[in-house]
Amino acid sequence: MNAFEWYNPTKLVFGADKVGQLGELIEPYGKRILLVYGGGSIKKTGLYDDVMFQLREIGATVHELSGVEPNPRLSTVNRGIDICRTEDIEFILAVGGGSVLDASKAIAAGAVYNGDVWDFTIRKAVIQDALPLGTVLTLAATGSEMNGNAVITNWETKQKRGLGSKLVYPRFSILDPKLTYTVPRDQTVNGIVDIMSHVFEQYFTLTTDIPLQERLAESVLLTVIENGEKALEDGTDYDARANLLLAGTYALNGTLPNGVTTDWATHGIEHEVSAVYDIAHGAGLAILFPNWMKYVYKERVSKFVQYAVRIWQIDPAGKSDDEIALAGIEATRAYFTRIGAPATLGEVGIGDEHLERMAEEATRFGPIGSFKLLSQDDVLSILKASL
Ligand code: NZQ
Ligand code: ZN
């Protein structure tokens, strides 16, 4: 097991109707609030009114940044930064899915930085300060509610890049499973795939003798697989939505990578695909991940055998290790297909026009991944296998 340090300062407030605690959670941070939300789902569901009621109760002055896009854009982040500066904002409240949360984190860091917020994504500057932020999450997927990461897109240059800092962890995140009842089927599917993919990135490791980390990861995977299907059958199944929501948080709040060398190559490749084509992150991952698995599994077949047996109950009797591993990978693809996720780039309207550029961008700082270190050519092979 590798040495590690772990600190996660986000306070989780989980359960039905917990939005009722919003006022008291925000009050210590100030009264001038920037409320950030997406394309309008929170107005349709009534959540906007509930949030505004809470903010009025504490006498807050509320400024709004609405219309944050899925795959949030740098231009929108800059609009938020302008509001923070001109209105002397004290606290940012993000209400929505991962895109709204990520945009809010970038705004929080950019508002107190004397330069271009994009600098943080290209490693030109390190986040030294940030406005405090809190979140009300409405979609189980990214884990952004309890981590210090954000991903934003520069639509002009077609670049999607991440930034991260301990300083942009949400001070609190409210997770009410009922708020996810209205998530449409395709976004529920994208969320399931994203959560599973976060686990894959940390589970498929060459680090050995980590039984606790492995079983924690397997537990998150099994929970998502079971409850994902239940949530798709009945979107208002409270327990299914609650289990999915919590699994999403645990998948990417720093629990799983403790002591483990993680991979993250597939996320790097997917970000290049969605930078150019603006497809949903989960859809891109569903297409790419089984192909990454097939490309790398021979690096440590035993890990993929364990995955096949423990997660997909593949019967090992009479099969070679390669056959068991491949059966596990096929079961992954079959599950994604069963829940309605795409399997090829062609299905989401992507041809071979920009694959070279994506492979080049994905490896701009050198080879990626750790289970198998992937060169530009390796990435191109995975993209071609995904057509
Ligand atoms: O914009 P609105 O109207 O709110 O609608 C959204 C959006 O259209 C809708 N939605 C959200 N909650 C809803 C709802 N509709 C009805 N009822 C609700 N309760 O769902 C759509 C997608 O929302 P979005 O926030 O884009 O989805 P998600 O949470 O999957 O976030 C995806 C973004 O997060 C990044 C991705 O790259 C992508 O940009 N990621 C962030 C990570 C992180 N911060 O740690 C890690 C991830 O790997 C990922 O890269
Ligand atoms: Zn992801």
Side-chain angles (χ1 to χ4, degrees), residues 10 19 36-48 65-74 76-77 94-106 121 133 135-155 159-165 168-170 173 175-202 231 235-236 241 244-245 248-249 251-254 257 262-275 278-286 288-289:
T10 301
V19 171
V36 183
Y37 57 96
S41 72
I42 71 162
K43 289 208 166 161
K44 279 189 215 131
T45 60
L47 176 58
Y48 174 86
L65 175 69
S66 62
V68 173
E69 311 81 3
N71 298 329
R73 300 198 179 170
L74 176 62
T76 309
V77 167
V95 183
S99 294
V100 170
L101 273 53
D102 283 8
S104 300
K105 290 175 180 177
T121 72
L133 73 135
T135 88
V136 179
L137 183 68
T138 62
L139 200 169
T142 63
S144 187
E145 64 275 13
M146 203 177 180
N147 69 41
N149 305 323
V151 190
I152 53 175
T153 298
N154 183 335
W155 191 242
Q159 289 171 310
K160 186 173 182 180
R161 296 281 185 270
L163 57 87
S165 167
V168 296
Y169 272 72
S173 280
L175 274 63
D176 174 354
K178 282 162 66 182
L179 296 178
T180 67
Y181 283 179
T182 52
V183 175
R185 191 185 168 88
D186 59 342
Q187 295 298 348
T188 302
V189 170
N190 291 336
I192 291 168
V193 175
D194 194 21
I195 298 168
M196 290 175 68
S197 300
H198 294 158
V199 180
F200 295 154
E201 301 282 16
Q202 303 167 93
T236 61
R241 289 291 195 184
L244 201 54
L245 198 54
T249 304
L252 204 52
N253 72 351
T262 55
D263 194 88
W264 296 104
T266 312
H267 265 70
I269 303 170
E270 196 294 317
H271 286 163
E272 298 310 328
V273 177
S274 53
D278 205 17
I279 60 167
H281 174 60
L285 291 168
L288 293 168
F289 236 116

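Counting starts at 1 for both ligands and their atoms, following the listed order.
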Checklist entry - Numbering the atoms of ligand 1 from 1, which are under 4.0 Å from a heavy atom of Ala141? => result 29 (O), 30 (O)
Checklist outcome for this item: Closest heavy-atom approach to atom 44 (N) of ligand 1 among Asp102, Thr142, Thr180, Thr153 is made by Asp102
Checklist outcome for this item: Taking only non-hydrogen atoms of Pro184 and a 4.0 Å limit, the atoms of ligand 1 in range are 15 (N), 16 (C)
Checklist entry - What atoms of ligand 1 come within less than 4.0 Å of a heavy atom belonging to Gly98? => result 25 (O), 28 (P), 29 (O), 31 (O)
Checklist entry - Of the non-hydrogen atoms in Ser173 and Glu145, which two are nearest, and what is the gap between them? => result OG-O, 2.7 Å
Checklist entry - In His281, what N, O or S atom is nearest to the Zn ion (ligand 2), if we give its atom name? => result NE2
Checklist entry - Which is closest to atom 10 (N) of ligand 1 by heavy-atom distance: Ala94, Gly282, Ser41? => result Ser41
Next on the checklist: Suppose I only count heavy atoms of Leu252 and a 4.0 Å limit; which atoms of ligand 1 are within that range?
Outcome noted: 45 (O), 46 (C)
Item to check | Ligand-side contact atoms (ligand 1) for residue partner Leu179, heavy atom cut-off under 4.0 Å | outcome: 19 (N)
Next on the checklist: Using a 4.0 Å cutoff against the non-hydrogen atoms of Asp194, which atoms of ligand 1 qualify?
Outcome noted: 47 (C), 48 (O)
Checklist entry - Going by the atom numbers of ligand 1, which of them fall below 4.0 Å from some non-hydrogen atom of Asn71? => result 38 (C), 39 (O)
Checklist entry - Does Asn147 reach ligand 1, in the sense of a heavy atom lying below 4.0 Å from it? => result yes
Checklist entry - Of the backbone and side-chain N, O or S atoms of Asp194, does one lie nearer to the Zn ion (ligand 2) than 2.8 Å? => result yes
